Amino acid sequence: MKTQRVFTHGGVTPTWIVIDDAYRPVEFVNEFLRYLTTVDRSPNTVRAYASALKTYALYLANHKIDWVKVGFKELTGFVAELTEPVQAVSMSGAPPRIAQRTNSTVNAIMAGVKGLYEYYRRRGVVTELEIYQSKIYKHSRYKHSLYGEGRRHPVEASVLTRKTARTLPRRLTRTQVDLIVRACSNERDRFLIQLLDESGLRIGQALGLRHSDVDVERKVIAIVRRRDNANGALSKRRETYEVHISDELIASYVCYLVDLDTPSDYVFVNLCGDRVGRPLTSNSVTALCRRLTDKTGIAFTPHLFRHTHAKDFAASGADSRYIQERLGHASRESSEIYTLPDHAEMKRQFNNFRDARQQLTGSKPS
């Protein structure tokens, strides 16, 4: 089994399918993936579902299980198989190592499986499927009132959903961001890093920007979802929204424009080689991040700037409502994690508490 990228909308927008070892499409999976594309889910989301369902389809094929007749027993067997350690293949000739999926990875795969069956349940294909008579869907915070379960989590739910530790997203320090900016070799790269850091945009949103989206006078950038971007960049949020920017970022944009001698509607374009003037791709940005990591010793990805911006925005006093709107999150829950205190903040608050109590009691710190 493997996933295969294909293109729609005139060969521009990427999407994904699953094929078996004989290169035949796994149709019950691909119909669901086509549905996700039709309802305008992002290519990255479709890719994640395709990867999860490839693993599930392989499990069904290996155990000769009909996907329509899957029950609670088969699903628990799938989860058990997912959690088993496996021997990882080494491409460098080094001794193979034992690898194991994290609970978060297992849950992500199971989310894909649940999404698949929810689609076919709504179509009436699996209305009598045993998993809908079990309680694996009844623990969902979105469905508890419909199923009469209140907020009680049934025992069965813990079998199909692994417990995960809540971890706060990693972020960069201001010193690290400054070092990365200074390591850039041209105005385009500097502006890109500064834009990601100040706006919290996803890299797909940044690479899909057109010059008409940048309103210098109003100091805002419009984030527009376009499916015809030549580089396949796509904003995850369907609605157009605006992000406010600073005078400093506008100045960086102007410096980039002065340095840019290649006309293009796209803000970020290739500056050299046989693709001069063509819109920059995510692969090119990934290569840029690797070069800057080698220069600075600071490991980062474009998405790390999004986490950094959100956490800094929350630290300035913004609550999750404003973070949600600025980041373009579909739900407020996605933004609330940035309002949680990290280790340094917890230590600072404890020190404040300790000092206040010592003042009340008149005792001195030991």
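None of these values were measured; they are calculated from a predicted model. All values below come from the heavy atoms of this structure, side chains included, with hydrogens, waters and symmetry mates left out.
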Donor-acceptor under 3.5 Å ([X] side chain, [Y] main chain):
{"X": "Thr308", "Y": "Leu304", "result": "yes"}
{"X": "Arg306", "Y": "Gly200", "result": "yes"}
{"X": "Asp21", "Y": "Met1", "result": "yes"}
{"X": "Arg225", "Y": "Ser235", "result": "yes"}
{"X": "Asp20", "Y": "Ala22", "result": "yes"}
{"X": "Arg47", "Y": "Trp16", "result": "no"}
{"X": "Thr281", "Y": "Asn231", "result": "no"}
{"X": "Lys54", "Y": "Thr3", "result": "no"}
{"X": "Asn270", "Y": "Arg278", "result": "yes"}
{"X": "Thr45", "Y": "Arg41", "result": "no"}

Using side-chain heavy atoms (C-beta onward) and a distance below 4.5 Å, is [X] in contact with [Y]?
{"X": "Asn229", "Y": "Leu234", "result": "no"}
{"X": "Ile203", "Y": "His303", "result": "no"}
{"X": "Ser246", "Y": "Leu249", "result": "yes"}
{"X": "Trp67", "Y": "Val113", "result": "no"}
{"X": "Ile245", "Y": "Val220", "result": "no"}
{"X": "Leu271", "Y": "Val276", "result": "no"}
{"X": "Val269", "Y": "Arg188", "result": "no"}
{"X": "Asn107", "Y": "Ile109", "result": "no"}

Point-to-point distance, once rounded to the nearest 0.5 Å, from [atom1] of [X] to [atom2] of [Y]:
{"X": "Asn44", "Y": "Lys236", "atom1": "CG", "atom2": "NZ", "value": "8.0 Å"}
{"X": "Ile193", "Y": "Cys289", "atom1": "CD1", "atom2": "SG", "value": "5.5 Å"}
{"X": "Glu118", "Y": "Phe32", "atom1": "CD", "atom2": "CZ", "value": "9.5 Å"}
{"X": "Lys2", "Y": "Ile17", "atom1": "NZ", "atom2": "CD1", "value": "9.5 Å"}
{"X": "Leu207", "Y": "Arg202", "atom1": "CG", "atom2": "CZ", "value": "13.5 Å"}
{"X": "Glu198", "Y": "Ile221", "atom1": "CD", "atom2": "CD1", "value": "8.0 Å"}

Carboxylate-amine/guanidinium contact [X] [Y], below 4.0 Å:
{"X": "Arg226", "Y": "Asp213", "value": "yes"}
{"X": "Glu242", "Y": "Arg218", "value": "yes"}
{"X": "Glu27", "Y": "Arg34", "value": "yes"}
{"X": "Glu31", "Y": "Arg123", "value": "yes"}
{"X": "Glu187", "Y": "Arg190", "value": "yes"}

Taking every non-hydrogen atom, the tightest pair across [X] and [Y]:
{"X": "Asn30", "Y": "Pro25", "answer": "ND2-CB, 3.3 Å"}
{"X": "Gly277", "Y": "Thr262", "answer": "CA-CG2, 3.1 Å"}
{"X": "Ala183", "Y": "Thr296", "answer": "CB-CG2, 3.6 Å"}
{"X": "Ala233", "Y": "Gly204", "answer": "CB-O, 3.3 Å"}

Check the side chains of [Y] and [X] for a donor-acceptor pair under 3.5 angstrom, ignoring hydrogens and angles.
{"X": "Asp355", "Y": "Asn352", "answer": "no"}
{"X": "Arg326", "Y": "His309", "answer": "yes"}
{"X": "Thr37", "Y": "Thr15", "answer": "yes"}

- Check step by step if side chain to side chain contact (heavy atoms under 4.5 Å, CB included) holds for Phe191 and Cys255. CA-CA 9 Å; Phe191 175 58; Cys255 288; over 6 Å; no

- Do Tyr59 and His63 make the cut of ring centroids closer than 6.0 angstrom?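 Yes.
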
- Decide if the gap between the ring center of Phe313 and the ring center of Tyr322 is smaller than 6.0 angstrom.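 No, ring centres 6.0 Å or more apart.
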
- Message: Would Tyr266 and Leu280 count as a side chain to side chain contact (heavy atoms under 4.5 Å, CB included) here? Give the steps.
- Response: CA-CA 9 Å; Tyr266 292 87; Leu280 204 63; over 6 Å; no

Is there a path of hydrophobic side-chain contacts, each under 4.5 Å between heavy atoms, that joins [X] and [Y]?
{"X": "Ile65", "Y": "Leu82", "value": "yes"}
{"X": "Leu209", "Y": "Phe305", "value": "yes"}
{"X": "Val224", "Y": "Leu327", "value": "no"}
{"X": "Val177", "Y": "Tyr256", "value": "yes"}
{"X": "Val26", "Y": "Val70", "value": "yes"}

- Message: Set out, in order, the CA-CA distance, both residues' side-chain angles and the distance that settles side chain to side chain contact (heavy atoms under 4.5 Å, CB included) for Ser185 and Lys295, then state yes or no.
- Response: CA-CA 11 Å; Ser185 59; Lys295 283 185 179 182; 4.2 Å; yes

- Query: Relative to the ring of His211, is the ring of Tyr253 parallel (under 30°), tilted (30 to 60°) or perpendicular (over 60°)?
  - Reply: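 The rings of Tyr253 and His211 sit tilted, inter-plane angle from 30° to 60°.
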
- Message: As a quick check of understanding, evaluate side chain to side chain contact (heavy atoms under 4.5 Å, CB included) for Val68 and Tyr120, giving each step before the final call.
- Response: CA-CA 9 Å; Val68 178; Tyr120 281 109; over 6 Å; no

